[in-house]
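For this chain, numbers begin at 1 and follow the sequence in order. In what follows, every heavy atom counts, from backbone to side chain, and hydrogens, waters and symmetry copies are set aside.
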Amino acid sequence: MNVRRSAAVLAAVAVVGAATPAAADPSPSPSQAFPSALYGGKDPRFDGVWRQSLALLAQDTVGVKPAAKSVEWLVRQQCADGAFPSYRADPTTACDAKTMLDTNATAAAVQALTALGGHDAVTGKAVTWLKSVQNKDGGWGYSPGGAGDTNSTSVVIGALTAAGQKPEQVEKGGKSPYDALLKLALGCDGDGAGAFAFQPDKKGKLTANADATAAGVLGALGQGMVVKGGRQKEARQGQACEDDKTPEQAAANGAAYLTQALAKDGHLTSALAGADPQPDYGNTADAVVALAARGDTGQAEKSLSWLEKNSATWAAQNGPAAYAQLIFAAHATGTNPRDFGGADLVKQLNATGPAPQAAEKTRAAEEKDDSDSGPFGVWWYVGVCLVAGVGIGFLFSGRRNRQQS
């Protein structure tokens, strides 16, 4: 998820940069202070709303009530037309043509705020905006009007489902999101059989992409980021891919591809140009969620065990969104996120931002107890002690004087 999002953001920035040569330097100022309500301490310019949404959604998933100011910060990021940008430093300033609107951030915010409840007006406007920027093929790109991709289309499907919509009925030009996903699913011949591509290349060729496949499986199942694992399905490893162009079969084919990709080492890999392949923790977590959503719990549980043993450093380096991904993976497989390889993911996530409401109330109660000790309060007690101290001082002083005389 994070790798794909970074690539998509860079592509969007390149487009925006070409259109607006005067765009600001993306490097954060050393003295820049980020909002206290925001989770994570890194520059939020390209992922503020995304990571805030994942953090709040993960907290809600494990029964933690987020800090009110963190929820309010997310709500205030919304533009007047219903869209959410990647981040805007001053929500009192209206969005304009330079505001980087973000279908992924909008869809993530819808999933988070719907789960938290009480924000129907906000999520309703966001869903209306998402429908307004749907592409003619039925899908969505990272930026409104951009070329559709599997990941963006899938996260919007999750938002539609969360908001009580039926994705198959959300159409543009007679095409639904599922039509868009099926066009991005590879056939059953050649390399990557059954996988999803992120996007077609310039020649229209589809190339298997594990991250897109994890997203595509969830999207084809009509699921969001938070899933409850289903029952164990029949093992699909080694079974033949089927070219039945239905969302259900595309999800099955994609799950089989992921199972095979994970089988050797328990994790997915990624590699930058010229570098050796490295474990991809975020995409592995997403794959666990996708497999669990379809009920393929065997490989999901094996890969989750690998994450329990190996993901701690990655999560600490990447912050709230990473902790949220691991919490989603643990939840999907019925694993306790508070004992994840000996670590408490919930505590670690909470530590990246404002204390949750229960913790706030506990602290406030402790402070109130301190201030209200006795019938006159703690300051009365301090005052009595000071007066008593003065009296004792005079007593000792008088005693010394009498002794000297």
(message) The criterion is side-chain hydrogen bond (donor to acceptor under 3.5 Å, both in side chains); which residues satisfy it with Lys136, sequence neighbours excluded?
(response) none
(message) With rounding to the nearest 0.5 angstrom, report the CD to CD distance, Glu242 to Glu248.
(response) 12.5 Å
(message) Quick check: do His119 and Val71 have side-chain heavy atoms less than 4.5 Å from each other?
(response) yes
(request) With sequence neighbours left out, write down each residue that passes side-chain hydrogen bond (donor to acceptor under 3.5 Å, both in side chains) with Thr335, or none if nothing qualifies. (result) Thr333
(request) Look up atom CD in Gln77 and atom CD in Gln52, then write down how far apart they are to the nearest 0.5 Å. (result) 8.5 Å
(message) When you measure from the side chain of Asp265 to the backbone of His267, do you find a donor-acceptor pair of N or O atoms at a distance under 3.5 Å?
(response) no
(request) Apply the side-chain contact (heavy atoms from CB on, under 4.5 Å) test between Val155 and each candidate in Leu218, Asn104, Thr150, Val110; give the one that qualifies. (result) Asn104
(message) Between Leu349 and Pro320, is there a side-chain heavy-atom distance shorter than 4.5 Å?
(response) yes
(request) Taking the side chain as every heavy atom from C-beta outward, state whether Val62 and Arg338 have any pair of such atoms under 4.5 Å apart. (result) yes
(message) Quick check: closest heavy atoms across Leu268 and Thr284, and the distance to 0.1 Å?
(response) N-OG1, 2.9 Å
(message) For a quick test of reading the model, state the closest non-hydrogen atom pair linking Gln111 to Met225 and the distance between them.
(response) OE1-N, 3.0 Å
(request) Under the side chain to side chain contact (heavy atoms under 4.5 Å, CB included) rule, what do Thr99 and Asp96 come out as? Steps first, then yes or no, please. (result) CA-CA 5 Å; Thr99 304; Asp96 57 24; 3.4 Å; yes
(request) Taking all non-hydrogen atoms of both residues into account, name the closest pair between Leu74 and Ala109 and its distance. (result) CD1-CB, 4.3 Å
(message) Under the rule for side chain to side chain contact (heavy atoms under 4.5 Å, CB included), what residues qualify as partners of Asp339, not counting sequence neighbours?
(response) Asn336
(message) Could you check whether any side-chain N or O of Asp201 sits under 3.5 Å from a backbone N or O of Gly204, counting only pairs where one atom can act as donor and the other as acceptor?
(response) yes
(request) Measure the spacing between NZ of Lys172 and CH2 of Trp140 and express it to the nearest 0.5 Å. (result) 8.5 Å
(message) If we ignore hydrogens and angles and just use 3.5 Å, is the side chain of Thr246 paired with the main-chain N or O of Gln249 as donor and acceptor?
(response) yes
(message) Looking at Gln325 and Gly282, would you say the former's side chain and the latter's main chain have a donor-acceptor pair under 3.5 Å?
(response) yes
(message) As an exercise, state the distance from CG of Asp47 to OH of Tyr87, rounded to the nearest 0.5 Å.
(response) 10.5 Å
(message) Can a side-chain donor-acceptor contact be found between Gln348 and Asp344 if the only test is distance below 3.5 angstrom?
(response) no
(request) Can you sort out the partners of Gln59 under side-chain hydrogen bond (donor to acceptor under 3.5 Å, both in side chains), two or more places apart, ordered by chain and number? (result) Tyr39, Asn350
(request) Test Pro167 against every option in Leu160, Thr153, Val156 by the side-chain contact (heavy atoms from CB on, under 4.5 Å) rule and name the one that passes. (result) Leu160
(request) Compare all side-chain heavy atoms of Arg76 with those of Thr92 and state whether any distance is below 4.5 angstrom. (result) yes
(request) Please answer whether the main-chain N or O of Phe84 pairs with a side-chain N or O of Asp102 as donor and acceptor at a distance below 3.5 Å. (result) no
(message) So Leu206 and Pro200, do their side chains get closer than 4.5 Å, heavy atoms only?
(response) yes
(message) Using 0.5 Å steps for rounding, measure from the OG atom of Ser70 to the CG atom of Leu38.
(response) 8.0 Å
(message) Using side-chain heavy atoms (C-beta onward) and a distance below 4.5 Å, is Leu116 in contact with Pro66?
(response) yes
Residues 300-307 side chain polar contacts: donor-acceptor under 3.5 Å, at least two apart:
unit_1 : atom_1 : unit_2 : atom_2 : d
Ser303 : OG     : Gly266 : O      : 2.9
Ser303 : OG     : Gln299 : O      : 3.3
Ser303 : OG     : Gln299 : NE2    : 3.1
Ser305 : OG     : Glu301 : O      : 3.1

(message) Just to verify, what does Ala251 make a side chain to side chain contact (heavy atoms under 4.5 Å, CB included) with, not counting sequence neighbours?
(response) Val217, Ala220, Leu221, Arg294
(message) Met100 vs Phe46, test: side chain to side chain contact (heavy atoms under 4.5 Å, CB included). Steps then yes/no.
(response) CA-CA 9 Å; Met100 187 188 296; Phe46 301 125; 3.9 Å; yes
Show me the side-chain donor-acceptor pairs of residues 178-198 shorter than 3.5 Å, one per line, residues at least two apart or across chains.
unit_1 : atom_1 : unit_2 : atom_2 : d
Asp179 : OD2    : Ser176 : N      : 2.8
Asp179 : OD2    : Ser176 : OG     : 3.4

(message) What I'd like to find out is whether the side chain of Ser36 reaches to under 4.5 Å of the side chain of Lys69, using heavy atoms alone.
(response) yes
(request) Might you point out which heavy atoms bring Asn151 and Ala215 nearest each other, and give the distance in Å? (result) ND2-CB, 3.7 Å
(request) Would you indicate whether the side-chain heavy atoms of Leu291 and Leu262 approach each other to under 4.5 Å? (result) yes
(request) Only pairs at least two apart or in different chains count here, so list each disulfide (SG to SG under 2.5 Å) that has a residue in residues 114-157. (result) none
(request) Mind checking side chain to side chain contact (heavy atoms under 4.5 Å, CB included) for Ala312 and listing every partner two or more places apart, or none if nothing turns up? (result) none
(message) Measuring from atom NZ of Lys228 to atom OG1 of Thr61, what distance do you get when rounded to the nearest 0.5 angstrom?
(response) 13.0 Å
(request) Could I get the full list of side-chain hydrogen bond (donor to acceptor under 3.5 Å, both in side chains) partners for Thr313, not counting sequence neighbours? (result) none
(message) Suppose we screen for side chain to side chain contact (heavy atoms under 4.5 Å, CB included). Which residues come up paired with Ser132, at least two apart in sequence or across chains?
(response) Trp129
(request) Scan residues 62-156 for pairs that pass disulfide (SG to SG under 2.5 Å), counting only residues two or more places apart or in two chains. (result) Cys79-Cys95
(message) Determine whether a donor-acceptor pair (N or O, by modelled atom type, separation under 3.5 Å) exists between the side chain of Gln165 and the backbone of Val170.
(response) no
(message) Looking at every non-hydrogen atom in both residues, tell me the closest pair between Ala107 and Ala159 and how far apart they are.
(response) O-CB, 3.5 Å
(request) Indicate the atoms forming the closest heavy-atom contact of Gly254 with Thr213, along with that distance. (result) O-CG2, 3.5 Å
